[in-house]
Amino acid sequence: MTTFNDTILKAFRGEETDYTPVWYMRQAGRSQKEYRELKKKYSLFEITHQPELCAYVTKLPVDMYNVDAAVLYKDIMSPLPAIGVDVEIQSGIGPVIENPIKSLKDVEKLGTIDPESDVPYVLETIRILTKEQLQVPLIGFSGAPFTIASYMIEGGPSKNYHRTKALMYSDPKAWFALMDKLADMTITYVNAQIQAGAQAIQIFDSWVGALNVADYRTYIKPIMQHIFTELRKNNVPLILFGVGASHLVKEWNDLPVDVIGLDWRLSIREARNLDVTKALQGNLDPAFLLSDWATVEKKVKEIIDEGKQYPSHVFNLGHGVTPEINPDRLKKLTEFIHTYSKQA
Ligand SMILES: O=C(O)CCc1c2[nH]c(c1CC(=O)O)Cc1[nH]c(c(CC(=O)O)c1CCC(=O)O)Cc1[nH]c(c(CC(=O)O)c1CCC(=O)O)Cc1[nH]c(c(CCC(=O)O)c1CC(=O)O)C2
């Protein structure tokens, strides 16, 4: 019987580790053929509503790639039906919301989440994984208010978030009411994941990089401060991640988080030069995984070397695994990260 490997939790907490631990955003599903077979029969929501099946999908990459953590298979949209938002994931489009938020009146109609009755299957999946199946930590997650709000206001994926920003600028009352509702949802939902057994949490603020620093401070930072202050009471590591948000990393560094997740736009060295003091996670551009192996190796060594000069770094991609990435590549990459970082 193998023993529980908590290396990644140490790294999340800023402690030094024997090697650089690694997990990949969107490591579950996507490129795996076992998952694609399942997807012929079931939708994302159908999988996540069946705890045994969802646990299987979550654990698959841990077994296949030997990564140092599992990340729960579900979407950032998963808790929305509980607060009264009709969301559907449409193939080729992404999440689609029929009745977008337009005003304070719409915000006031939103309800609250009661995880034990609204999403019992999420909690059951976590229990199965952490009590029975995993020998590595399970990372739970939630979307952050800006990113979730962008889908709720735009009605689906967006390129420029114009409707979202227009509501934010023109109707602060509606905006802050929406932020408060989503902050409450996030806190309640994440607390329940932790109580069920999740050992670390990533908050995806994937699209907040669309805001400038001044607007981040006015419209978002106080809400994020509140969320992380509440979540911190659980004493599990907290990771904050966003895409195209290099200009915000100094703001993030002020928040009570343990780890900052970088995409590929800012190197680990550059982040340190900006006086970012938190543990860092990242940041191989997923595009490298479609390159020849020598090119991958060179870049990965560079990232590990930069991370090694500071006490803690968790390897990850700069954003999620894309469906066309060959699973063998992820297996080889994980092996290389483990071996090289032990020697470096
Ligand atoms: O697959 C896509 O990314 C396209 C559709 C899309 C989804 N959520 C979405 C998007 C992007 C958008 O349209 O804005 C919207 C979405 N989901 C998510 C994020 C956060 C992020 O990645 O920055 C975002 C926003 C940013 C982004 O698109 O990358 C997070 C997410 N979705 C999902 C997971 C779980 C997982 O992959 O294990 C996770 C998070 C955990 C992790 O990183 O591992 C799962 C998910 N969401 C979704 C799908 C496709 C399901 C289907 O086609 O039936 C799937 C499953 C799959 O990839 O096979 C739908």
Side-chain angles (χ1 to χ4, degrees), residues 22-49 53-62 64-65 67-80 85 87-97 122 125-126 129 137-161 164 186 189-190 193 198 200-210 239-245 261-264 281-283 286 314 316-325 327 330:
V22 49
W23 70 284
Y24 306 113
M25 290 180 278
R26 312 291 282 265
Q27 66 189 15
R30 311 220 102 182
S31 58
Q32 291 159 346
K33 87 169 182 312
E34 294 80 354
Y35 169 78
R36 289 206 179 145
E37 282 303 311
L38 272 177
K39 276 305 291 297
K40 287 182 191 159
K41 271 188 14 209
Y42 305 110
S43 70
L44 176 127
F45 288 145
E46 283 166 348
I47 295 173
T48 55
H49 282 58
L53 193 57
C54 189
Y56 166 76
V57 172
T58 302
K59 189 165 176 280
L60 206 55
V62 179
M64 281 175 77
Y65 309 141
V67 282
D68 296 279
V71 57
L72 201 57
Y73 176 82
K74 60 188 171 65
D75 191 58
I76 56 169
M77 299 297 130
S78 295
L80 288 184
V85 178
V87 53
E88 209 190 306
I89 293 182
Q90 289 186 9
S91 152
I93 303 178
V96 174
I97 289 166
V122 171
T125 307
I126 295 175
L129 283 161
L138 176 70
I139 302 172
F141 70 87
S142 173
F146 180 89
T147 296
I148 300 275
S150 77
Y151 289 93
M152 289 169 71
I153 297 165
E154 309 284 341
S158 167
K159 284 205 172 71
N160 50 30
Y161 315 100
T164 309
T186 303
Y189 182 50
V190 170
Q193 291 181 41
I201 295 293
Q202 176 152 312
I203 300 295
F204 284 91
D205 211 351
S206 308
W207 306 138
V208 79
I239 312 159
L240 174 57
F241 169 78
V243 184
L262 298 173
D263 74 358
W264 58 89
Q281 176 179 280
N283 66 346
V314 171
N316 205 317
L317 303 179
H319 202 188
V321 170
T322 49
E324 68 274 23
I325 290 173
L330 291 172

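Position 1 is the first residue of the sequence; numbering continues from there. For ligands, and for the atoms within them, numbers begin at 1 and follow the listed sequence. Because only heavy atoms are used, hydrogens play no part in the values below, and waters and symmetry mates are left out as well, while side chains stay in.
The nearest heavy-atom contact from the protein to atom 44 (O) of ligand 1 is Arg26 N, 2.7 Å. Looking from atom 19 (C) of ligand 1 to the surrounding protein, the closest heavy atom is Ile76 CD1, 3.7 Å. For atom 1 (O) of ligand 1, the closest non-hydrogen atom on the protein side is Arg30 NH2, 2.4 Å.
A perpendicular orientation is assigned to the rings of Tyr35 and Tyr73, their planes being inclined by more than 60° (bins at 30° and 60°).
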Carefully, step by step, assess Thr147 and Trp207 under the rule side-chain contact (heavy atoms from CB on, under 4.5 Å). CA-CA 5 Å; Thr147 296; Trp207 306 138; 3.8 Å; yes
Can you check side-chain contact (heavy atoms from CB on, under 4.5 Å) on Asp263 and His319, steps first, answer last? CA-CA 6 Å; Asp263 74 358; His319 202 188; 5.6 Å; no
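Residue nearest to atom 23 (O) of ligand 1, selected from Ser206, Pro323, Ala144: Ser206 (by heavy-atom distance). Proximity annotation for atom 12 (C) of ligand 1: of Phe204, Tyr151, Tyr24, Tyr151 comes nearest, heavy atoms only. Proximity annotation for atom 33 (C) of ligand 1: of Arg36, Lys74, Gln202, Lys74 comes nearest, heavy atoms only. The heavy atom nearest to atom 54 (O) of ligand 1, out of those in Lys39, Glu154, His319, Glu46, is found in Lys39. The heavy atom nearest to atom 8 (N) of ligand 1, out of those in Val71, Asp75, Ile93, Val321, is found in Asp75. Closest heavy-atom approach to atom 27 (C) of ligand 1 among the candidates Tyr35, Phe141, Trp207: Trp207.
Of all atoms in ligand 1, listed by their number and element, those nearer than 4.0 Å to a heavy atom of Leu44 are 45 (C), 46 (C), 47 (N), 49 (C), 55 (C), 56 (C). In summary, the atoms of ligand 1 found under 4.0 Å from a heavy atom of Ile89, numbered by their order in the structure, are 51 (C), 52 (C), 60 (C). Ligand-side atoms of ligand 1 in range of Gly94: 5 (C), 13 (O), range being under 4.0 angstrom from any heavy atom. Atoms of ligand 1 found under 4.0 Å from any heavy atom of Pro95, numbered from 1 in the order shown, are 6 (C), 7 (C), 8 (N), 9 (C), 10 (C), 12 (C), 13 (O).
Taking a 4.0 Å cut-off on heavy atoms, Gly29 fails to register as neighbouring ligand 1.
In this structure, the side chain of Ser142 does not engage the main chain of Thr186 through any donor-acceptor pair within 3.5 Å. Between the side chain of Gln193 and the main chain of Phe141, a donor-acceptor pair closer than 3.5 Å is present. Judged by distance alone, the side chain of Gln32 and the main-chain N or O of Val57 form no donor-acceptor pair under 3.5 Å. For Asn316 (side chain) and Met25 (main-chain N/O), a donor-acceptor pair under 3.5 Å exists by modelled atom type.
Side-chain contact check for Thr48 versus Thr125: every heavy-atom pair is 4.5 Å or farther apart. Between Tyr151 and Ile76 there is a side-chain heavy-atom pair separated by less than 4.5 Å.
To the nearest 0.5 angstrom, Lys59 atom NZ is 8.5 Å from Leu129 atom CG.
Proximity of atom 50 (C) of ligand 1 to the protein is not indicated, since no non-hydrogen protein atom lies closer than 4.0 angstrom.
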